[in-house]
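Keep in mind that what you see is a predicted model, and the values were worked out from it rather than measured. In what follows, every chain begins at residue 1, and chains take the letters A, B, ... in the order their sequences are listed.
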Amino acid sequence: MSDNKYNPQETENRYYKIWEERKYFEIDGNKAIQEEGKNFSIMMPPPNVTGRLHIGHALTFTLQDIITRYKRMDGYKTLWQPGTDHAGIATQNVVEKQLLAEGTTKEALGREKFLERVWAWKEESAGIMTEQLRYMGVSPAWERERFTMDTGLQKSVKESFIHLYNEGLIVRGNYMVNWCTHDGALSDIEVEHEDTDGKFYHITYPFADGSGSVEVATTRPETYFGDTAVMVHPDDARYKDLIGKEIKLPLLERRVKIIADAHVDMEFGTGVVKVTPAHDQNDYEVGKRHDLEFITVFDEKGILNEYAGEFQGLERLEARETIVKRLDEEGFIVKIEDHKHQVGHCYRCKNIVEPYISKQWFLRKEVATASIEKTNAGEAQFFPPHWINSYNSWMGELRDWCISRQLWWGHQIPVFYCDDCGHEFASQEDAPESCPKCASKHLTQDPDVLDTWFSSALWPFSTLGWGNGDVEMDKLFQSDDMKNFYPNTLLITGFDILFFWVARMMMMGEHFNGQLPFNHIYLHALVRDEHGNKMSKSRGNVIDPLDMVEKYSADILRFTLAISAAQGRDIRMSTEKLEQNRNFTNKLYNASKYLQMNVETFPDMAGFCVESDLGRYMMSRLNFATKEVRKNLDEYKFNDAALVMYKFLWNEFCDWGIELSKADKGAIVELGAIFKEAMKLLHPFMPFITEHLYHQLSGTSLDDADSIMIQKFPSKTKQRKEEQKFELIMDAIVSIRRAKVLVDLANQKIEKAFVKIEGISDKDKEMMLPFISKLAKVEHLEFTDTKIENSVSDISDLCVTFIPTDSIDLAPIIKKLTKQDEKLQKEIGKLSGMLNNERFVANAPEDVLEKNRSLLADAKAKQAKVLEQLEALQK
RNA sequence: GUUCGGGUAGCUCAGGGGUAGAGCACUUCGUUGACAUCGAAGUGGUCGGAGGUUCAAAUCCUCUCUCGAACACCA
């Protein structure tokens with residue numbers, strides 16, 4: 001039984017295994033076609049070890065693979081560097097949860113045992129993600145797979161830290177940071193501000209001298225224990241006399257001063273603000289300006305301390321109600337209003353984040369200065385370009401980056417404190433022998449670890465061996481990698497990590513290597529569901545890429561993502577689109593089946609000469625498609641490149657090439673060669689089916705022949721554009737088909753028809769005749785130089801066709817011609833309007849003028865024929 | 001509030017100074033062996049609105065309406 005459907009499941013896994021075994025993905029996998037001096041490098045954004053493949057991964061890795069396969073086939077020494085990320089908080093949380101289920105904690109286990117546990121789990125989990133990646137058909141250099149905490153990268157992290165530390169760019173100090181009572185210190189971008197329904201509490205603060213009170217408004221009454229001032233605006237007439245007075249905090253005996261600071265917004269609230277320097281970012285600044293006391297009222301877990309008086313021991317958020325109730329009982333609450341405001345939440349656990357004074361490590365913002373300048377000088381280019389605006393606006397407001405995290409899983413900060421003399425120093429060694437200052441052997445390492453993004457920031461060069469020492473050199477990296485692959489040619493990632501990752505790589509890459517880490521930075525958008533909603537578990541609209549691979553195929557999923565990936569636009573994923581592209585793969589399968597029904601195997605284009613008229617026409621179209629695909633891929637217009645392939649293969653090769661070949665079977669061998677070439681062009685998008693059909697048509701099999709993935713990517717050949725005759729042929733065919741519809745004989749075989757085409761030779765006519773008569777289904781087709789009487793005709797762009805007829809209903813024909821006339825009249829009006837405009841004639845470029853003149857002439861000629869026909873019919 | 005992106009055929013979206021495009025849907029027709037996951041021929045749009053620049057604007061500029069995102073915010 002001959003099968004009409006392509007079965008991807010049979011081929012995909014098998015081919016992938018062979019590719020990987022043969023090391024095609026590695027740097028020299030394409031050795032035979034590599035060209036001197038052409039290098040290409042792209043780093044895989046390392047997915048979390050804890051992760052499972054989601055649709056966003058599918059998009060980003062598909063795009064990366066398309067470019068990688070394109071470059072590899074185009075003769076570049078190609079590095080696509082794979083790896084996974086240790087993902088500090090996420091991973092630690094997973095293992096902590098496991099421990100909880102076992103009834104124990106990390107504290108009970110101890111740091112060392114806990115880390116052993118995480119490593120064990122990492123070994124188990126990392127393979128899942130990379131295995132899932134393989135189902136997508138991606139082709140990174142797996143033999144070089146890295147992990148952000150592997151031995152070599154640990155060395156490079158230490159190397160970079162120590163460098164920055166010694167330069168004074170990494171510093172430790174007491175600052176106000178974003179504090180999560182579960183996860184510890186967070187950087188600014190790890191805080192998510194969300195609209196929250198809260199309350200606005202108006203509280204009376206009595207004057208210390210008993211002469212009355214003042215009303216302050218706050219959203220966080222539980223922090224008032226830390227108030228060390230009350231402030232008003234210096235220009236606020238209402239409160240001018242209060243400045244300098246003292247108030248007594250409710251329920252406490254503590255007195256604080258009323259101060260004046262321009263930070264206060266007179267219009268907002270009561271115009272009187274409580275100042276809590278230890279628990280509010282703005283108040284922190286005010287506190288420094290006015291030299292106020294900094295009183296911290298709760299501990300790292302959010303438990304109120306002795307400053308909270310009777311409320312000591314309560315959790316900060318749970319305490320709020322209790323505190324307000326007591327204040328109300330004592331008559332300090334004036335009113336409570338509903339108030340919507342932005343509250344910072346921990347990106348990881350959604351806990352409310354507190355501004356909190358804490359001793360942390362910071363990377364100073366000065367490290368970024370040169371990278372910003374170089375980016376704006378054009379050293380790196382964004383795709384789409386508008387992203388440089390976001391990059392700049394964020395870089396412009398850059399603050400010191402808090403890089404220490406209160407976790408155990410991660411790169412432990414390589415700084416040691418001497419227990420005896422207090423000396424602090426950074427060291428490459430895991431356990432330095434002794435204090436370099438006092439030689440004491442009692443040393444303690446800083447317990448914190450680095451923000452996960454610190455090691456990710458080094459990824460574009462740490463994976464090339466930078467700072468790795470000789471750990472696994474010649475295996476995980478080569479000594480000339482930095483020379484060959486830095487800066488990376490391209491970065492492809494989602495815009496959502498522009499600040500987290502891209503900006504940090506830019507600063508670190510520039511700082512350590514004097515050059516920005518990328519030439520091009522392509523930022524893609526989000527994948528949404530068919531209604532444009534974000535995919536989420538709670539919505540239940542998540543599309544699992546692995547399900548799609550199973551149901552459709554990796555090729556179909558990849559192609560669907562690529563053809564939807566217009567720069568800067570979100571992608572809507574739908575089964576409708578997947579089905580459309582499944583139909584496309586089926587079309588390809590059946591096209592090759594047709595070819596093989598006629599010819600068994602087909603030659604490669606190299607050294608083969610296409611000679612038939614039809615072959616030369618299709619070759620000309622392939623050249624055009626090749627040019628377009630290359631151009632679009634070079635500009636990262638994945639959607640356009642994919643669409644060119646789709647249209648060429650379906651609407652040109654199948655709809656016309658194959659159909660026309662039914663009138664010239666001798667051309668089929670050439671069409672097969674052309675189709676094989678097109679498979680190479682399509683291969684980066686659909687690696688599996690192209691491999692399959694390529695071998696099928698070559699009479700080979702991947703088991704005993706080289707893969708299509710290391711064949712040369714098509715280039716435009718020297719053949720001249722040669723399409724005119726077939727444009728005439730196709731126009732005539734369509735014209736006759738239209739005329740047949742008119743006489744209600746659509747798609748039927750007819751006895752007789754005439755074609756009138758001006759200015760072609762007898763030889764051309766002879767060549768064209770079989771094509772037209774076969775595809776238009778005309779038994780006896782003749783060329784004519786004159787109008788045929790008693791016929792229905794169709795006036796097309798390039799020809800006029802006639803079908804003789806005796807008794808037919810003319811009404812629909814007249815209607816159609818009238819409509820055609822109206823349309824032409826409109827067109828003529830528009831064109832002659834332009835051409836009668838002196839300024840247009842004076843200013844427009846000659847080719848445009850020429851084009852418009854000939855368009856006008858054509859339209860007029862066509863209208864004349866239409867009118868003539870109308871007249872004849874209306875007689 | 002600042003910045004960015006969208007508003008194009010019934011639907012989903014490309015395109016982005018030189019006569020408006022695709023897929024789906026719709027109408028009509030068609031299975032003698034590539035493919036019904038198909039083929040043929042069609043219908044359908046004053047490109048959110050108003051100004052402006054230009055010989056020429058869906059495209060560039062200004063304003064405006066509307067949807068979305070990022071960043072920043074007032075206790």
Side-chain angles (χ1 to χ4, degrees), chain A residues 2 4-6 188-189 193 200 216-220 223 231 263-276 280 282-283 286 339 341-342 384 386-387 389-390 392-394 397 495-496 498-499 525-526 530-532 563-564 566 568-572 574 576-577 579-598 637 639-640 643 646-647 651 654-655 658-659 662 733-734 737-742 744-749 775-777 816 826-828 830-831 833-835 837-845 847-849 851-852 855-856 859:
Chain A
S2 152
N4 289 340
K5 294 180 181 79
Y6 167 61
D188 295 330
I189 43 179
H193 293 272
F200 211 22
V216 304
T218 179
T219 54
R220 296 197 303 153
T223 64
M231 65 177 169
H263 169 69
V264 178
D265 179 352
M266 289 188 275
E267 309 292 313
F268 188 77
T270 59
V272 186
V273 186
K274 65 194 272 300
V275 184
T276 323
D280 182 279
N282 289 310
D283 292 1
V286 172
H339 182 65
H341 62 144
Q342 294 261 320
H386 70 253
W387 281 112
N389 296 327
S390 297
N392 274 330
S393 72
W394 190 72
E397 289 171 24
F495 69 81
D496 50 324
L498 176 59
F499 308 141
L526 242 56
E530 58 192 310
H531 306 294
I563 204 166
S564 312
R569 294 270 280 233
D570 283 343
I571 292 171
R572 290 200 193 187
S574 64
E576 187 187 301
K577 282 182 184 168
E579 275 165 18
Q580 184 189 334
N581 292 316
R582 181 193 54 194
N583 296 353
F584 179 51
T585 57
N586 193 51
K587 191 80 180 170
L588 298 177
Y589 177 79
N590 279 298
S592 89
K593 204 175 87 178
Y594 166 83
L595 293 169
Q596 287 199 295
M597 277 169 48
N598 295 280
K637 295 184 173 175
N639 58 323
D640 289 333
L643 190 62
Y646 185 93
K647 284 184 166 171
N651 303 126
C654 290
D655 289 351
I658 284 186
E659 291 307 318
K662 291 172 184 173
I733 292 165
V734 172
R737 285 169 174 171
R738 256 198 312 260
K740 290 203 295 190
V741 170
L742 217 52
D744 218 16
L745 290 169
N747 234 7
Q748 318 258 326
K749 198 160 212 172
L775 270 67
K777 297 190 188 171
K816 187 185 165 191
K826 212 167 134 190
E827 200 176 309
I828 289 165
K830 191 166 181 177
L831 287 164
M834 284 166 83
L835 287 164
N837 181 337
E838 278 174 34
R839 294 204 288 173
F840 171 74
V841 177
N843 291 311
D847 57 326
V848 174
L849 275 175
K851 197 178 156 200
N852 280 16
L855 282 170
L856 180 61

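With a 3.5 Å ceiling on both atom-pair distances, B:rA20 lacks any Watson-Crick or G-U wobble partner. The partner of B:rU37, taking Watson-Crick or G-U wobble pairs whose two distances both stay under 3.5 Å, does not exist in any strand shown. When Watson-Crick and G-U wobble pairs are counted only if both distances are under 3.5 Å, B:rU54 pairs with no nucleotide at all. Across every strand in view, B:rG44 sits unpaired, with no contact that passes the Watson-Crick or G-U test at under 3.5 angstrom. In this entry B:rU32 has no Watson-Crick or G-U wobble partner, no candidate having both defining distances under 3.5 Å. When Watson-Crick and G-U wobble pairs are counted only if both distances are under 3.5 Å, B:rU59 pairs with no nucleotide at all. Under the Watson-Crick or G-U wobble criterion, with both distances below 3.5 Å, B:rA70 is paired with B:rU2.
For A:K740, the side-chain hydrogen bond (donor to acceptor under 3.5 Å, both in side chains) test picks out no residue, with sequence neighbours left out. Residues that satisfy the side-chain hydrogen bond (donor to acceptor under 3.5 Å, both in side chains) test with A:D847, not counting sequence neighbours, are absent from this structure. A:S592 is linked by a side-chain hydrogen bond (donor to acceptor under 3.5 Å, both in side chains) to nothing, counting only residues two or more places apart in sequence or in another chain. Under the salt bridge (Lys or Arg N to Asp or Glu O under 4.0 Å) criterion, A:K830 pairs with no residue, sequence neighbours left out. Under the rule for a salt bridge (Lys or Arg N to Asp or Glu O under 4.0 Å), A:D265 has no partner lying at least two apart in sequence or in another chain.
On the P atoms, B:rU3 is 16 Å away from B:rA72, given to the nearest whole Å. Atom C1' of B:rG45 sits at a distance of 14 Å from the matching atom of B:rC11, rounded to the whole Å. B:rA20 and B:rG15 have their C1' atoms separated by 10 Å, with the value rounded to a whole Å. When the C1' atom is compared between B:rC65 and B:rG51, the two are found 15 Å apart, to the nearest whole Å. With P as the reference atom, B:rG16 and B:rA75 are 44 Å apart, rounded to whole Å. To the nearest whole angstrom, the two C1' atoms, one in B:rC35 and one in B:rA40, are 15 Å apart. One C1' atom belongs to B:rG42, the other to B:rC63, and the distance between them is 42 Å to the nearest Å. Remark: the separation of the C1' atoms in B:rG30 and B:rC67 is 45 Å, to the nearest Å.
Between A:K637 and the phosphate of B:rG16, there is a side-chain N or O to OP1/OP2 separation shorter than 4.0 Å. Remark: A:R738 is in phosphate contact with B:rG42, judged by side-chain N or O atoms under 4.0 Å from OP1 or OP2. Note on A:H339: a side-chain N or O is less than 4.0 Å away from OP1 or OP2 of B:rA75. Dashed line: the shortest gap from a side-chain N or O of A:K851 to OP1 or OP2 of B:rU19 is under 4.0 Å. Taking side-chain N and O atoms only, A:R572 has a distance below 4.0 Å to OP1 or OP2 of B:rC13. Considering only side-chain N and O atoms, A:H341 lies nowhere under 4.0 angstrom from the phosphate OP1 or OP2 of B:rC73.
Among the heavy atoms of the strands lying under 4.0 Å from A:N837 are primed sugar atoms or P, OP1, OP2 only; no base atom is included. Using a 4.0 Å heavy-atom criterion, one finds that A:D640 contacts the sugar-phosphate atoms exclusively. Looking at heavy-atom distances under 4.0 Å, A:P384 makes no contact with the nucleic acid at all. Using a 4.0 Å heavy-atom cutoff across all strands shown, A:Q580 reaches sugar-phosphate atoms only and no base atom. Using a 4.0 Å heavy-atom criterion, one finds that A:L855 contacts the bases of the nucleic acid, with or without backbone contacts as well. Nucleic acid contact class of A:S390 (heavy atoms, under 4.0 Å, all strands): none.
Between atom CG of residue A:L831 and atom CG of residue A:L855 there is a gap of 6.0 Å, rounded to the nearest 0.5 Å. Distance check: A:T219 OG1 to A:H339 NE2 gives 6.0 Å after rounding to the nearest 0.5 Å. Rounded to the nearest 0.5 Å, atoms CG (A:N586) and CZ (A:R582) are 8.0 Å apart.
Whole-Å rounding puts the A:K740 NZ to B:rG42 C1' distance at 16 Å. Atoms CD (A:E397) and C1' (B:rC4) sit 14 Å apart, rounded to a whole Å. For A:W394 and B:rC71, the CH2 to P distance is 10 Å, given to the nearest whole Å. Regarding A:Q748, its CD atom lies at a distance of 13 Å from the C1' atom of B:rU31, rounded to whole Å. Distance A:N282 CG to B:rC73 C1': 9 Å, rounded to the nearest Å. Put simply, OH on A:Y646 is 12 Å from P on B:rA22, counting in whole angstrom units. Protein atom CZ of A:F840 is 12 Å distant from nucleotide atom P of B:rG18, rounded to whole Å. For A:N843 and B:rG18, the CG to C1' distance is 13 Å, given to the nearest whole Å.
Candidate nucleotides B:rG5, B:rA41, B:rC55 were compared by shortest atom distance to the side chain of A:H386, and B:rG5 ranks first. Residue A:T218 has its side chain nearest to B:rA75 when only B:rA22, B:rC73, B:rA75 are considered. Each of B:rC24, B:rG18, B:rA70 was ranked by its minimum atom distance to the side chain of A:E576; first place goes to B:rC24.
Toward the 5' end of RNA chain B, the nearer of the two residues A:K577 and A:K274, judged by each one's closest nucleotide, is A:K577.
Contact record, A:L498 with A:S390: CD2-CB, 4.0 Å, taken as the closest heavy-atom pair.
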For nucleotides 33-40 of chain B, just jot down a letter per nucleotide in 5' to 3' order: B, S or -, based on protein non-hydrogen atoms under 4.0 Å. BBBSBSBS
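A:F584 and A:Y646 have tilted rings, their planes meeting at an angle from 30° to 60° on a 0 to 90° scale. Note on ring orientation: taking the six-membered ring where Trp is involved, the planes of A:W387 and A:F495 are parallel (angle under 30°, cut-offs 30° and 60°).
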